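What you see is a predicted model; the values in this text were computed from it and never measured.
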Amino acid sequence: DSELAAAIARQQAAESSAFILEASPYEWTANLSAQQRRTQGAANSQEWNAALEHGLRLPGKAKLDRQQAELTRQAATLEVAKTRQEIARELLERWLTWAQARERRTLLDQQRALADTNLSGIRQRIRSGDGAVQEETLALAELAGLASQQAAAQLAEQQAEASLRSRFPNLSLTDASLPVPSAPGGDADTWRQRLSTNNPRLTLARLQVQQLQVQAERQVQERTPDPTVGVFTASEASQTERIVGISLSMPLSGQRRQQQAAQAQAEARAAELAAQVEMRRQESDAAVAWLNADNQFKVWRLTADSAQAQTIAAERGQKGFRLGETGVMELLQLRRQALAAAETELTARVSAWQALLGLEIAGMQGWLATEAEREPDSTP
């Protein structure tokens, strides 16, 4: 996926950024100058000066920079995990939408076939003198309604497939069957702890607070400027004088450095408060995630029982219609109820899978846990 590839590229850039933080921000500076001294009544003197200087990062600043470098690496890894998780959620949502549209179209195809069969039976009855023309009118109206629903279902399936293919063009769409869902394993407390621990978004929010806190402390340390030391040599007085020495220079701290430190501390505090809001929201979602998956499974089981009962009733009505014991109106009503119950069961089945697989994605379980272990430079 292109978004994941971009996140991995940013991770590689973060590694370079971390290396820069660990390294000294200063480089050696070489100075070389030449001059001519003209003295009245004496020969001109050719003189030169050479110096080599380097800034010195104070030990406290170097320690904080190393901490920031490690936090940068960890944040980049979490960004990749967060992106992978978000893409997995999008993939699940689009695939379930396509699978639901495809199964609903299959349901309507089956109903259309039954409606065609019933219409043929009614016309046969009319030809034999056992049926009324009104029955054919009702059957034709039912068939027209099903044809309209079928056309809308085909369009919805095509749109869902196009959306899925455009977002994930390399995905092989070979199967859209939705099997019977299963109840979520474990319990609410276990999953709440797991989701809070394995949540890359939550961990990243905490880590970003640490980064800003380290950055604020670094700005406080920056109120004491780093010195620059050097060695120099010079030749003067027609090379009769040779000068060798060391130099030390240090900027004088002013209000600017103090305000920068105050700004960094305020930003760290704001990030900490924002992270607390995010943590409460994520913990709230984690507390209800398992309960939602468990309830969706129970709802599906109830709708499945209802759909089965309605299907049995419709099949018996179909048999009674062939034997002349069930009227057209009663049969059409039974078939509509069976179709409505089947569609309700399909919706509940999709919701159950959405909650169950969404639970695994939120907890970085299953294939997500395996994918998270891949090397950063591997092909996504």
Q: Group every Ile, Leu, Val, Met, Phe, Trp and Tyr by side-chain heavy-atom contacts under 4.5 Å, then state whether Leu91 and Trp353 land in the same group.
A: yes
Q.
Atom OH of residue position Tyr26 - does it have more than 12 heavy atoms of other residues, nucleotides or ligands inside 6.0 Å?
A. yes
**Q.** Nearest-0.5 Å distance that lies between atom OG in Ser16 and atom CG in Leu21
**A.** 11.0 Å
Q) Who are the side-chain hydrogen bond (donor to acceptor under 3.5 Å, both in side chains) partners of Arg256, not counting sequence neighbours? A) none
Q) CG of Leu334 to CZ of Phe321: how many Å apart, nearest 0.5 Å? A) 12.0 Å
Q: Might you point out which heavy atoms bring Ile122 and Ala139 nearest each other, and give the distance in Å?
A: CD1-CB, 3.6 Å
(Q) Could you measure the distance from the OG1 atom of Thr203 to the CG atom of Leu78? Nearest 0.5 Å is fine. (A) 6.0 Å
Q: Could you tell me whether Asp65 and Arg57 have a side-chain N and a carboxylate O separated by less than 4.0 Å?
A: yes
Q: Say whether Leu178 and Leu356 are linked into one hydrophobic cluster, either directly or through other cluster members, by side-chain heavy-atom distances under 4.5 angstrom.
A: yes
Q: Verify the distance criterion only: is there a donor paired with an acceptor across the side chains of Glu217 and Gln213 at less than 3.5 Å?
A: no
(Q) For a side chain to side chain contact (heavy atoms under 4.5 Å, CB included) check, start with the C-alpha distance between Gln111 and Leu107, then their side-chain angles and the critical distance, and finish with the verdict. (A) CA-CA 6 Å; Gln111 291 296 317; Leu107 283 174; 5.6 Å; no
Q. Are side-chain N/O atoms of Thr190 and Asp187 paired as donor and acceptor at under 3.5 Å?
A. yes
Q: Would you please test Trp300 and Asn295 for side chain to side chain contact (heavy atoms under 4.5 Å, CB included) and show each step?
A: CA-CA 9 Å; Trp300 165 79; Asn295 288 333; over 6 Å; no
Q: Run the salt-bridge test on Glu272 and Arg269 with the 4.0 Å N-O cut-off and return the result as yes or no.
A: yes
(Q) Looking at Glu86 and Arg89, is there a salt bridge between them, counting it only when a charged N and a carboxylate O are closer than 4.0 Å? (A) no
Q | Trace of the salt bridge (charged side-chain N to carboxylate O under 4.0 Å, His left out) decision for Asp305 with Arg301 | A | CA-CA 6 Å; Asp305 292 341; Arg301 193 160 52 187; over 6 Å; no
Q | Shortest non-hydrogen separation from Leu248 to Pro227 and the atoms involved | A | CD1-CB, 3.7 Å
**Q.** Within 6.0 Å of NZ in Lys82, more than 12 heavy atoms from elsewhere
**A.** yes
(Q) For Arg102, is there any backbone N or O sitting under 3.5 Å from a side-chain donor or acceptor partner on Thr106? (A) yes
Q.
What I want to check is whether the side chains of Thr97 and Glu93 have a donor and an acceptor closer together than 3.5 Å.
A. no
Q) Does the side chain of Glu345 come under 3.5 Å of the side chain of Ser306 through a donor N or O and an acceptor N or O? A) no
Q: May I ask you to check whether Gln263 and Gln259 show a side-chain donor-acceptor distance below 3.5 Å?
A: no
Q. How long is the gap from CG on Leu143 to CG on Asn118, to the nearest 0.5 Å?
A. 10.0 Å
**Q.** Glu236 side chain to Asn49 side chain, donor-acceptor N/O pair below 3.5 angstrom
**A.** no
Q. Is the CE atom of Met250 crowded by more than 12 outside heavy atoms at less than 6.0 Å?
A. yes
**Q.** Salt bridge present between Arg167 and Glu3 (N-O < 4.0 angstrom)
**A.** yes
Q: Check side-chain hydrogen bond (donor to acceptor under 3.5 Å, both in side chains) between Arg165 and all other residues, then give those that pass, not counting sequence neighbours.
A: Glu161
Q.
Checking Gln154 against Gln150 for the side chain to side chain donor-acceptor pair (under 3.5 Å) test, could you report, in this order, the C-alpha distance in whole Å, the side-chain angles of both residues, the deciding distance, and whether it holds?
A. CA-CA 6 Å; Gln154 289 175 346; Gln150 192 179 29; 5.1 Å; no
Q: Dump the intermediate steps for side chain to side chain contact (heavy atoms under 4.5 Å, CB included) on Ser24 and His54, then the final yes or no.
A: CA-CA 10 Å; Ser24 173; His54 193 282; 4.0 Å; yes
Q: Would you please say whether a donor-acceptor pair under 3.5 Å links the side chains of Arg94 and Ser163?
A: yes
Q. What is the distance from atom CD of Glu142 to atom CZ of Arg112, rounded to the nearest 0.5 Å?
A. 11.5 Å
Q) Trp290 side chain to Gly185 main-chain N or O, any donor-acceptor pair under 3.5 Å? A) yes
Q) Can you list the residues that meet the side-chain hydrogen bond (donor to acceptor under 3.5 Å, both in side chains) rule with Ser177, with sequence neighbours excluded? A) Asp175
Q.
Could you tell me if Glu70 and Gln74 have a donor-acceptor pair between their side chains, going purely by distance under 3.5 Å?
A. yes
Q.
I'd like to know whether Asn31 forms a side chain to side chain contact (heavy atoms under 4.5 Å, CB included) with Leu52, so could you lay out the CA-CA distance, the side-chain angles of the two residues, the decisive distance to 0.1 Å, and finally the verdict.
A. CA-CA 6 Å; Asn31 295 315; Leu52 192 61; over 6 Å; no
Q: May I ask whether Trp95 and Ile87 are part of the same hydrophobic cluster, defined by side-chain heavy atoms of I, L, V, M, F, W, Y residues being less than 4.5 angstrom apart, directly or through others?
A: yes
Q) Looking only at heavy atoms, what is the nearest atom pair of Leu108 and Gln149, with distance? A) CD1-O, 3.4 Å
Q: Would you please say whether a donor-acceptor pair under 3.5 Å links the side chains of Gln36 and Arg38?
A: yes
Q) If two hydrophobic side chains count as joined below 4.5 Å and joins carry through other members, does Ile361 share a cluster with Phe168? A) yes
Q: Flag the pair Glu47 and Arg37 as a salt bridge only when some basic side-chain nitrogen lies within less than 4.0 angstrom of an acidic carboxylate oxygen.
A: yes
Q | Carboxylate-amine/guanidinium proximity below 4.0 Å for Arg105 and Asp109 | A | yes
(Q) One thing to verify: whether Glu222 and Arg218 come together as a salt bridge, which I'm taking to mean a side-chain N less than 4.0 angstrom from a carboxylate O. (A) yes
Q) What is the minimum heavy-atom distance between Pro184 and Phe297, and which atoms define it? A) CD-CB, 4.5 Å
Q: With the side chain counted from C-beta on, respond yes when Leu56 and Thr228 share a heavy-atom pair under 4.5 Å apart, and no when they do not.
A: no
(Q) Would you say Leu96 ends up clustered with Leu171 if hydrophobic residues are merged whenever their side chains have heavy atoms under 4.5 Å apart, either directly or through other cluster members? (A) yes
Q) Are the side chain of Ser351 and the backbone of Thr347 linked by a donor-acceptor contact shorter than 3.5 Å? A) yes
Q) What is the minimum heavy-atom distance between Ala81 and Met364, and which atoms define it? A) O-CE, 4.0 Å
Q.
Less than 4.0 angstrom from a charged side-chain N to a carboxylate O is my criterion; do Arg10 and Glu79 meet it?
A. no
Q. Any side-chain heavy atom of Pro181 sitting closer than 4.5 Å to one from Arg349?
A. yes
Q) Between Trp98 and Ala160, what is the shortest heavy-atom contact and its length? A) CA-CB, 3.6 Å
Q: Answer yes or no: are there more than 12 heavy-atom neighbours, outside Ile246 itself, under 6.0 Å from its atom CD1?
A: no
Q) Ion pair present between Arg104 and Glu157, side-chain N to carboxylate O less than 4.0 angstrom? A) no
(Q) Distance check, rounded to the nearest 0.5 Å: Gln265 atom CD versus Leu212 atom CG? (A) 12.0 Å
Q) Taking everything shown except Gln308 itself, do over 12 heavy atoms lie less than 6.0 Å from its CD? A) no
